[in-house]
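Naming convention: chains lettered A, B, ... in sequence-line order (proteins, then strands); numbering from 1 in each chain. For the numbers below, each heavy atom of this structure counts, side chains included, while hydrogens, waters and symmetry mates do not.
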Amino acid sequence: MPEGHTLHRLAGSLDTAFAGTTPAVSSPQGRFADGAALLDGRAFVGAQAWGKHLFAEFAGEAYLHVHLGLIGTFDVTPLPRDDDGGYAVPPPVGAVRVRLLSAGGPPSPEHPGGRAAYVADLRGATLCEVATPDQVDDVVARLGPDPLRAHADPERAWARISKSQRSIADLLMDQAVLAGVGNVYRCEVLFRHRVDPHRPGREIRRATWEKIWADLRLLLPIGVRLGQIVTMDDQVQEALLGGYDPAAVPISPTGVSAWRPNPQGALERRYYVYKRQGELCRVCGSRIRTAQVAGRNLYWCGRCQRRR
DNA sequence: AGGTGATGGTCAC
DNA sequence: TGACCCTCACCTG
């Protein structure tokens with residue numbers, strides 16, 4: 001389920017599991033054998049996400065650079081201890097491109113109860129490479145502002161949007177314009193502001209863009225916190241009431257989203273328009289429409305999001 | 001057993 | 001704009 005929230009949550013999970021440890025790095029599937037050998041035996045410094053890109057830093061300025069693409073997953077799992085304090089390492093299931101494995105550790109000031117052992121398995125990623133700091137900088141330089149990063153500048157996106165003849169739906173998915181938004185968030189945020197997805201960027205009012213940006217700064221952190229895309233107002237309220245303080249947006253000064261486990265469990269998967277073609281709009285009752293735009297499915301309500 | 005789609009992106013034409 | 005890459009759950013028969 002990789003839109004930006006997934007990657008920021010993942011960065012936090014990897015930090016929780018591995019920061020300060022020296023995980024064993026391997027490639028059970030074999031396709032990343034060389035990269036794994038390069039990273040194995042190095043201390044894990046920390047992970048960060050920029051848009052949909054994940055960078056995990058290892059000692060010696062070596063970065064594991066991952067892009068999950070459409071179908072990739074990176075599962076981080078604590079390994080339960082048995083009565084003797086040992087643990088069983090599960091055999092890799094399926095095509096595991098990269099496996100990180102930490103041994104856990106005894107009680108320490110940072111981990112008073114002792115640290116768990118963790119395993120993290122990467123599958124299906126569209127990109128997995130070892131990168132230098134310069135290469136990381138190059139990738140980041142090509143990305144638009146990421147609403148999940150503390151110092152993201154929405155003006156950079158507006159400068160592109162306000163001059164473009166391309167549709168706002170197209171622009172919101174362009175990672176060079178705005179980093180981290182994918183098909184679900186784009187469809188949903190356009191509905192939330194009743195914007196016709198086909199409207200050219202240059203016809204979008206500045207105030208409308210400011211509302212969209214502010215909304216993404218609300219919705220994406222909720223997605224990080226819950227590990228789930230939540231866009232419907234009642235569920236947003238539920239997330240906020242569930243101990244989630246919008247004033248304490250989980251964005252650290254460095255931009256890495258703080259990670260805490262979902263305290264409530266998954267919410268019902270429910271959207272305004274995404275994948276609801278032919279069903280009735282929850283607001284006006286007309287049928288939700290869909291169209292292929294640049295190879296991706298777009299969903300919208302033709303009445304609520306009529307051009308004005 | 002085989003086919004399909006999926007919250008993504010790149011490259012060639 | 002289309003071909004292709006990545007993996008796997010879910011569908012069809």
Side-chain angles (χ1 to χ4, degrees), chain A residues 1-11 27-33 35-36 49-55 64-75 91-99 120-129 131 135 138-144 146-148 166-167 169-192 197 215-216 219-232 235 257 266-278 288 290-300:
Chain A
M1 324 183 263
E3 295 194 29
H5 69 297
T6 302
L7 281 300
H8 283 264
R9 184 179 171 95
L10 177 56
S27 179
Q29 172 213 46
R31 290 188 48 191
F32 189 64
W50 285 86
K52 298 170 188 171
H53 292 259
L54 176 79
F55 302 101
L64 175 63
H65 174 204
V66 169
H67 195 296
L68 294 178
L70 188 58
I71 60 175
T73 57
F74 205 162
D75 300 319
V93 175
V96 176
R97 183 93 51 89
V98 180
R99 164 168 280 197
D121 285 342
L122 175 69
R123 296 181 181 80
T126 199
L127 172 68
C128 174
E129 64 178 11
Q135 290 173 317
D138 288 346
V139 172
V140 170
R142 288 198 296 271
L143 296 173
D146 175 352
L148 280 169
R166 292 158 59 199
S167 71
D170 189 6
L171 290 161
L172 290 184
M173 284 279 281
D174 183 341
Q175 301 299 297
V177 173
L178 185 65
V181 169
N183 204 12
V184 180
Y185 279 119
R186 105 164 145 176
C187 292
E188 293 290 295
V189 82
L190 288 173
F191 179 88
R192 282 171 62 86
D215 211 18
L216 292 171
L219 297 177
L220 284 161
I222 291 174
V224 175
R225 175 76 188 282
L226 299 186
Q228 180 183 353
I229 297 177
V230 170
T231 62
M232 293 200 53
Q235 293 189 320
S257 298
L267 299 179
E268 179 193 359
R269 185 184 150 114
R270 179 152 53 81
Y271 302 120
Y272 286 112
V273 292
Y274 179 73
K275 255 189 177 171
R276 295 193 66 240
Q277 71 275 21
I288 300 299
T290 186
Q292 284 263 335
V293 177
R296 307 303 301 280
N297 292 316
L298 179 66
Y299 305 89
W300 78 101

How close or far is atom [atom2] of [N] from atom [atom1] of [X], stated in whole angstroms?
X	N	atom1	atom2	answer
D138(A)	dT10(B)	CG	P	14 Å
N183(A)	dA6(B)	CG	C1'	10 Å
E188(A)	dT7(B)	CD	C1'	11 Å
Y271(A)	dT7(B)	OH	P	10 Å
L127(A)	dT7(C)	CG	P	13 Å
L122(A)	dT7(C)	CG	C1'	11 Å
H65(A)	dG8(B)	NE2	P	16 Å
L172(A)	dT7(B)	CG	P	16 Å

Problem - Nearest-nucleotide pick for H67(A), side chain only, options being dT7(C), dG9(B), dT7(B) - result: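 Looking only at heavy atoms from C-beta outward on H67(A), the closest nucleotide is dG9(B).
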Practice task
Would you mind telling me which of dG8(B), dG9(B), dT7(C) lies closest to the side-chain atoms of I71(A)?
Solution key: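 Selected nucleotide (nearest to the side chain): dT7(C).
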Just to confirm, is there a sub-4.0 Å distance from OP1 or OP2 of [N] to any side-chain nitrogen or oxygen of [X]?
X	N	answer
R123(A)	dC8(C)	yes
R31(A)	dC6(C)	yes
Q29(A)	dT7(C)	yes
Y185(A)	dT7(B)	no

Between [M] and [N] - [atom1] atom distance, rounded Å:
N	M	atom1	answer
dA1(B)	dC6(C)	P	24 Å
dG9(B)	dA9(C)	P	23 Å
dA3(C)	dT4(B)	P	14 Å
dG5(B)	dG13(C)	P	14 Å

Problem - Distance-only donor-acceptor test (3.5 Å): side chain T126(A), base dG9(B) - result: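 When only heavy-atom distances are counted, T126(A) does not reach the base of dG9(B) through any donor-acceptor pair under 3.5 Å.
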Exercise for the section: Kindly indicate whether the side chain of R269(A) and the base of dT7(B) share any N or O donor-acceptor pair separated by less than 3.5 Å? Expected result: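 Answer yes: a donor N or O sits under 3.5 Å from an acceptor.
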Exercise for the section: Report the residue (R142(A) or K275(A)) whose heavy-atom-nearest nucleotide on DNA chain B is the more 5′ of the two. Expected result: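 Counting from the 5' end, the first nearest nucleotide belongs to K275(A).
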Close side-chain approach of [X] and [Y], heavy atoms under 4.5 Å:
X	Y	result
V293(A)	M173(A)	no
I288(A)	K275(A)	no
T73(A)	P2(A)	no

Practice task
Verify side chain to side chain donor-acceptor pair (under 3.5 Å) between T290(A) and Q277(A), making sure each step is shown before the conclusion.
Solution key: CA-CA 6 Å; T290(A) 186; Q277(A) 71 275 21; 5.2 Å; no
Exercise for the section: State the CD-CG distance between Q235(A) and L226(A), to the nearest 0.5 angstrom. Expected result: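 Going from CD on Q235(A) over to CG on L226(A), the span is 9.5 Å.
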Exercise for the section: Check for a donor-acceptor pair, side chain of R123(A) on one end and backbone N or O of V93(A) on the other, with a separation under 3.5 Å. Expected result: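 Pair found, side chain donor or acceptor close to backbone of V93(A).
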Problem - dC13(B) pairs with, by Watson-Crick or G-U criteria that keep both distances under 3.5 Å - result: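 Per the H-bond distance test, none.
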Looking at every strand, decide which applies to [X] at a 4.0 Å heavy-atom threshold: base, sugar-phosphate, or nothing.
X	result
G182(A)	sugar-phosphate
G94(A)	sugar-phosphate
R296(A)	base

